[in-house]
Amino acid sequence: MPDNVLEIKGITKKFGGLTALSKLDLEVEQGSIHAIIGPNGSGKTTFFNVITGLYVPDEGSVIFCGKDVTGTVPYKMARLGMGRTFQTIFLFKQMTVLENVLIGLQSESEYKLINNMIMTPKRQLYEKELHEKAYELLAFVGLYDQRNDIACNLPYGKQRLLEVARAMGINPKIILLDEPAAGMNPQETSELIERVKNIRNKYNMTVLIIEHDMKLVMQLADTITCLDHGSVIACGNPKIVTKDSKVVEAYLGIVGEKDTIEYNKVD
Amino acid sequence: MQIGFSDILQIIVGGLAMGCVYSLVALGYTITYNSLRVINFAQGDMFMLGAVFGLTIYLNFGGYYFISLIFAGLGAALVGMIIERIIFRTLRNSPPLNLIIATIGVSIVIRALAQIIWGSQAMSFPPVFGSSPVKIGPIVIMPSYLWIIGIAFVSILLLTFFFKKTLTGKAMLATAQHRDAASIMGINIFKSDSLAASISAGLGGIGGVLVGPIFFVETEMGAIAGLKGFAAAVLGGFGSVPGAIVGGVILGLAENFSASFISSAYRDAVAFLILIGVLVFKPNGILGKKIMRV
Amino acid sequence: MKKIADLLTLKKPSIIWIIILVTIPFVVKSVYYLHLMNYVLILIILTLGLNLLTGFTGQISIGHAGFYGIGAYVSAYLSVTMGLSFWIAFPISGIITAFIGYLIGKPILKLKGAYLSIASIGIGEITRLVLINWTKVTHGAEGFKGIPSPVFFGIAIDNDLKYYYLLVPIVIIIYFLINSLIDSEAGRAFRAIRDEEIAAEFMGINVAKMKLMSFIISSFLAGIAGSLLAHMDGYLSPFSFSFTQSVSFLMMILAGGLGYKWGPIIGVFLLTFAKEWFRFFNEYQLIIYGLMLVLIIMFMPKGIYGSFKEIFLKLMRRRNEDAR
């Protein structure tokens, strides 16, 4: 088993004349919680989109569990064990909470037509197993009681949790969370912190997380990588990275007061 | 069959004339889409309404073609305005399929009403452009083709002037770009919508009056004209005004050439083959700039 | 109340519906209405497929009359020109239509939303033009005549009553297969694609493959519906597979309830019979039809079944709350 579940080597991604990511390197250690921070527009979400196969990088490679997976399409990436949530919520809006999680859980399915057209006892058993796993995941994120609600009727914070549960459903080796705490109140955020810890501790998934809330990042992360203008400006132990002058400058320069204050408090 | 140079020129002129008509219909789709984000499947029926209005006015009010042309265009524009007011404004936030079907429903109603009023028989326009061909150098051309090209050209010029030079036109462009911002700037966006719908319908109507004298006028003529106008808009790059014009002209030429050289039976299929080919291989069309999310 | 709810939502495959279907000819003696019923059953087969594609997978097709026509003409050609029996022509027409659906679907399903719907119009129109102009095979504008009735163990299924009993089992089987598919994990994947295509892709669903699957199934069903129409009427006119026809299929599922299992069934019944009843209004028939459509979309966007189901569920919830 390689130590690094994910290795990014020299990724460059351009959109027209704009370089969104330039020669970006990153290593994510197996079993760690790795946070990516950086000002708005620094390329964090683009980076996630390259890792998960939505964008093919212009240069560089993505190594996942020791295999080069550069340019693999998203659904295959998911089947290899890469789960993700989205910055702008992308739930299956008209489906129930339970069904959203079931979609994640059935990620390995090949959808053979015959198996899907006739309800055999074998399929019933399979569905029952899927449902039980889904109930467990829903209990984990605290949405079990709302399991039969339509997803788009959930409050915002809970929609984010549902995205997490859905991504966990594909039983990923690594789960990529894109600003999971956005739109959550302080209590929801502190619950989220516990849950993310448990994603690693209980479910043994490596966590790669994009987050603006520095309090959350400091409480969770084993390693922090800071991006600015599409490249890594600092990487390593949270305590050290947050003191890095380049990081402070990037944040002070661009993000604004609120983040800085929170970040000073932690420090 | 021997096809000489003059025949080819004739095919080109005929294709250009039909192409100009498709351009007018295509412009209707484009303007409605840019302003209202609606693909109006009743656009073809505006074309039909133009033709029947034009014929009625021509026959009952002394036989002045240009007066019938203008009033038929205005009549179609009025219908367009009514549709916008009743249907589009109500369904602004509905899913695309619902809107598509609603406009198709409108199209059915218009067609059926027209059938009651004008009957389902094909009617013919008197030969207003004169029936004797004109000789220009080596080629012999029906004068109607020249009139169609000329009138369509003038309509497009007037339209360009309206959008580029008048305040109302500029306000409409602003609304098309960003509704909320335009609204904040004090532009009456409902007025813009209303105008967009009526201009679109009016252009379709003018197209209908133009082809009236060369084809038969019937209440079913809107369906195929609507689809071809759409194909033209897609070919040029959906949402692009110059694209709609270029698309229409290319479609008209392609149709006329394939009808002359391949088979006239599949004349109508050319439009759809082009449509699908463009959608699959070059979804932004010839002049479309960016991929649109629809 | 619970029983009615089960019946309405079809939680349990209900034997009652089957019994009703089987006994209809004993109640409805009119040959005219029976013929209409047969027509309804054929359209149910087609719209079940279209609802799978448009209602559950979110891919709009306004060209299904094309597939309906292909199925009908393939079946006619196989049975008349090649002299094959209905029982061979029927499945083959479905398979060939599905294959054509595969060839067409592969490129055009890349398109989204309104673009796809327009490409599908093009496909439908091209099919119609081929049916009119490929005279050698289709007999062109004069139509395809003399398509034989199916023969079942020596009994010719040559009147509406017999044809009705040929259609009923086919419809029931297809209904249960399609609904079982919708309830399966594949059905969940279809709905996921409808709701949020990008997220579906990231959840390990091969979106392109699933869309194609849905498209192929719906073209297969349109194909066999066409075959059944050909052998019922014995005559095909290329003009009946028009754009208007494609639109009317969509109207049916929309009026009934897009994305509801019962949507197509209710929609087909309603629009077919409404069209017939409005015949009394003669020339106003189409106007009423068009207005009805516009009104349903404006005031009942979930269709008749969808709206009633919602009202019913609300009532049930209120009852449950009162009981507590």
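Every chain is numbered from 1, with letters handed out A, B, ... down the list of sequences. Reckoned from all heavy atoms, side chains included, excluding hydrogens, waters and symmetry mates.
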Can you name the nearest heavy-atom pair linking [X] to [Y], along with the distance?
| X | Y | value |
| --- | --- | --- |
| C:Leu212 | C:Gly105 | CD1-C, 3.6 Å |
| C:Thr47 | C:Phe249 | CG2-O, 4.0 Å |
| A:Ile175 | A:Ala167 | CD1-CB, 3.8 Å |

What part of [X] gets within 4.5 angstrom of chain C, counting heavy atoms only: side chain, backbone, both, or neither?
| X | answer |
| --- | --- |
| A:Arg123 | side chain |
| A:Tyr111 | both |
| A:Glu127 | side chain |

Part of C:Ile182 within contact of chain A (heavy atom distance under 4.5 Å): neither

Approximate separation, where rounding is to 0.5 Å, of C:Ile170 CD1 and C:Leu166 CG: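 Those atoms lie 4.5 Å apart.
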
Short N-O contact, C:Lys261 and C:Asp183, less than 4.0 angstrom: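 Yes, C:Lys261 and C:Asp183 are salt-bridged.
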
SB check C:Lys211 C:Glu197 (cutoff 4.0 Å):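 C:Glu197 and C:Lys211: salt-bridged.
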
Any donor-acceptor pair under 3.5 Å from C:Ser214 side chain to C:Met210 backbone: no

Short side-chain to backbone donor-acceptor contact, A:Arg195 and A:Phe140, under 3.5 Å: yes

When C:Val207, C:Leu177, C:Asp195 are compared by non-hydrogen pairs under 4.5 Å with chain A, the top option: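 Of the options given, most contacts go to C:Asp195.
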
Most chain A-contacting option - heavy-atom pairs closer than 4.5 Å, from C:Met203, C:Glu201, C:Met213, C:Arg188: C:Arg188

Test log, rule salt bridge (charged side-chain N to carboxylate O under 4.0 Å, His left out), inputs A:Glu163 and A:Arg166: CA-CA 5 Å; A:Glu163 280 218 335; A:Arg166 185 178 67 176; 3.5 Å; yes

A:Lys13 to A:Phe15 six-membered ring, cation-pi geometry met (6.0 Å, 45°):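 Yes, A:Lys13 and A:Phe15 form such a contact.
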
A:Phe92 six-ring face occupied by C:Arg191 cation (under 6.0 Å, within 45°):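 No, C:Arg191 does not lie over the aromatic ring of A:Phe92.
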
A:Arg84 side chain to A:Thr52 side chain, donor-acceptor N/O pair below 3.5 angstrom: yes

Positions in residues 99-108 of chain A that reach chain C, provided some heavy atom is under 4.5 Å away: A:Glu99, A:Leu102, A:Ile103, A:Gly104, A:Gln106, A:Ser107

Neighbourhood of chain C inside residues 68-81 of chain A, taking heavy atoms under 4.5 Å as contact: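 Residues A:Pro74, A:Tyr75, A:Ala78, A:Arg79 are the ones that qualify, each having a heavy atom under 4.5 Å from chain C.
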
